[in-house]
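Working notes for the structure below.
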Amino acid sequence: MKRLSLLALLVLVLALALVACSGGTTETPAEGGEEVAATEAPAEATEAPAEATEPAAEGSMECTDALGCVEVAPGDPILIASALVISGPNIELGTDSQRGVEIAIAMRPEVLGHPVELQAEDDGCSAEGGQAAGQKIVSNPQIVGVIGTSCSGAGVPMAAIISDAGYLMISPSNTSPALTDPEQAWKPGYFRTAHNDLIQGAAMATFAYEQLGLTKAAAIHDGDPYTEGLASAFYDAFQALGGEGVGFEAEAADATNVEPLLTSIAAAEPQFLFYPVFQPLAPLLTNTAKTVPGLETTILAAADGVFSPSFLEATPGTSEGMYLSGPDLSFANTMYQDEFIPMYQEMFGSEPTNVYHAHAFDATNILLNAVESVAQQGADGTLLIGRQALRDAVAATSGYVGLTGTLTCSEFGDCADAKIAVSHVENGEFVPVWNNKDGSLQ
């Protein structure tokens, strides 16, 4: 009996050992306590997908991007941000661009099966506002890119913040030459669909010197990267054409008394006075200039920063006869007039309030195109979007046909098809009279 018992015990031990070593016959509890029998995978599951373009198998995606990735879960939105001036005296500039972004999303509400959503921030049209908006944006790791800023003064600090965090931004209206100059304020990940003010300044100088036949000009700025950059570009170009520069002055953006400055400038007898500044300084200069002896016949001029109904309302009569430079909106494509403008009116109940709505529309679509081209897609709908890959895709933009023309990005982020128009204030309205492409009065 003892021998039989020992033999039986030995057989039992060997049987248990065999069971422990075999992984294919035990049952493993699944999550929630449900038991599922483990079986070998079907042979066809190990085969390669029939087409390389099919979504990657669940769990097979991997982020190898140098700047990291944004993961968008199944059903979650693709989140983009805007940073535009949507409050304060320059609200029409930023709101107009904001509407361009919203129209782009309304026309393209879904990308790769995910809804597109917008997180709107205010750049304040100031360095402080740009810094605050930038810090808020980079605190959200789900934001894939930014449309902004409105103002170059906000763009300089935001470009640094966005770049350091590995994000990208596309501005619809930053025009300061410094922002795409690697020796000044350019940062990796910065792009713009707005023109470079080296082009706008030269266009305004050409108009004043060649079309109006003027030979003496002065300029005023407020120290902001946009205003100083454009005023300098104009002043230098005017002198290069053979004109005489008789005054290049600065005034505080929040000045309340500009009579001493204008009196000093009047002593030099300028025929043309260009002040590409924002509100409220531009209306103050315009209204005061009409009261300063020596400036009675001086032609006054401003730029796109005040190309808005509120500027005309703040300068009743005094702005009559002024010239303003800015992007040319007489686009060759039919979509702008046939689709975009009617949608703008339907969604917002008004005509555009400034000149950068189309540039914001193009910027948004360039960003969404980049997302669509670089995102890895999982079988369950998950997206993995590389941040460096996004930058590279935007930088590779070439021959993109947008509302504003055919856009190609330079090495340092200038993407615009730059067309500049000069408008004349006639009967309280902006009337385009000249552009830098055909070089003639319309």
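Throughout, numbering of the chain's residues begins at 1 and tracks the sequence. Only a predicted model underlies this, so the values are computations on that prediction, with no experimental measurement involved.
If you take CG on Asn435 and OG on Ser325, they are separated by 13.0 Å, rounding to the nearest 0.5 Å. Note that the CG atom of Leu214 and the CZ atom of Phe272 stand 7.0 Å from one another [nearest 0.5 Å]. Separation of atoms CG (Asn196) and CG (Asp181) is listed at 9.0 Å; rounding is to 0.5 Å. Atoms OH and OG, on Tyr226 and Ser150 in that order, are 12.0 Å from each other to the nearest 0.5 Å. Separation of atoms CG (Asp123) and SG (Cys151) is listed at 5.0 Å; rounding is to 0.5 Å. One distance of note links CD1 of Ile91 with OG of Ser308; it measures 11.0 Å at 0.5 Å rounding.
Checked options Asp362, Asp417, Thr193, Asn333; the residue passing with Thr404 is Asp362 (criterion: side-chain hydrogen bond (donor to acceptor under 3.5 Å, both in side chains)).
In plain terms, the two heavy atoms of Pro177 and Asp197 that are nearest each other are CD-CB, 3.9 Å. Taking each heavy atom of Thr397 and Tyr400 in turn, the nearest pair found is CG2-CB, 3.7 Å. Smallest separation of non-hydrogen atoms from Cys415 and Leu407: O-CB, 3.2 Å. Pro270 approaches Thr298 most closely through the heavy-atom pair O-OG1, 2.8 Å. Of all non-hydrogen atoms in Glu62 and Leu384, the two that sit nearest each other are C-CD2, 3.6 Å.
Side-chain atoms of Glu259 do not come within 3.5 Å of backbone N or O of Val292 as any donor-acceptor pair. Listed for the Glu117 side chain is no donor-acceptor partner under 3.5 Å among the backbone atoms of Leu79. Remark: the backbone N or O of Ser173 is paired with a side-chain donor or acceptor of Ser171 at under 3.5 angstrom.
Every residue two or more places apart in sequence or in another chain that forms a ring-ring contact (aromatic ring centres under 6.0 Å, His included) with His221 is listed here: Phe248. For the salt bridge (charged side-chain N to carboxylate O under 4.0 Å, His left out) test, residues two or more places apart in sequence or in another chain that qualify with Glu121 are Lys136. Looking at residues two or more places apart in sequence or on another chain, you find a side chain to side chain contact (heavy atoms under 4.5 Å, CB included) between Ala253 and Asp222.
Residues Val146 and Ile170 are not in side-chain contact: their nearest non-hydrogen atoms beyond the backbone lie 4.5 Å or more apart. Annotation: side chain of Met322 is in contact with side chain of Phe311 (closest heavy-atom distance under 4.5 Å). For the pair Val422/Tyr323, a side-chain contact is recorded, criterion being any heavy-atom separation below 4.5 Å from C-beta on. Contact check for Pro172 versus Ile147: side-chain heavy atoms found under the 4.5 Å cut-off. A 4.5 Å side-chain heavy-atom check between Leu285 and Leu273 finds every atom pair outside the cut-off.
A donor and an acceptor atom, one from each side chain of Tyr344 and Asp96, are located under 3.5 Å apart. Side-chain polar atoms of Thr382 and Gln377 form no donor-acceptor pair below 3.5 angstrom. Between Gln119 and Ser82, the side chains place no donor N or O within less than 3.5 Å of an acceptor N or O (distance only, hydrogens not considered). Side-chain polar atoms of Tyr275 and Thr227 form no donor-acceptor pair below 3.5 angstrom. No hydrogens or angles considered: a donor-acceptor pair under 3.5 Å links the side chains of Gln200 and Asp304. Side chains of Asn354 and Arg99: a donor-acceptor N/O pair is absent below 3.5 angstrom, by distance only. No donor-acceptor contact under 3.5 angstrom links the side chains of Glu244 and Gln239, judged on distance only.
Ring pair His357/Tyr336 is parallel by interplanar angle, where below 30° counts as parallel and above 60° as perpendicular.
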Quick one: side chains of residues 152-165, donor-acceptor pairs under 3.5 Å with protein atoms, not counting sequence neighbours, listed by atom name and distance.
from, atom 1, to, atom 2, distance (Å)
Ser152, OG, Thr175, N, 3.2
Ser152, OG, Ser176, N, 3.2
Ser163, OG, Pro188, O, 2.7

Donor-acceptor contacts, no H, no angles, side chain residues 202-210, under 3.5 Å, sequence neighbours left out:
from, atom 1, to, atom 2, distance (Å)
Thr206, OG1, Ala202, O, 2.8
Tyr209, OH, Leu241, O, 3.4

Do any side-chain atoms of residues 66-74 form donor-acceptor pairs under 3.5 angstrom with protein atoms, and if so which ones, sequence neighbours left out?
none

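The pair Lys290-Glu320 does not count as a salt bridge, with every side-chain nitrogen at least 4.0 angstrom from each carboxylate oxygen. No salt bridge links Lys437 with Asp328; every basic N to acidic carboxylate O contact stays at or beyond 4.0 Å.
The aromatic ring centres of Phe238 and Phe234 sit less than 6.0 Å apart.
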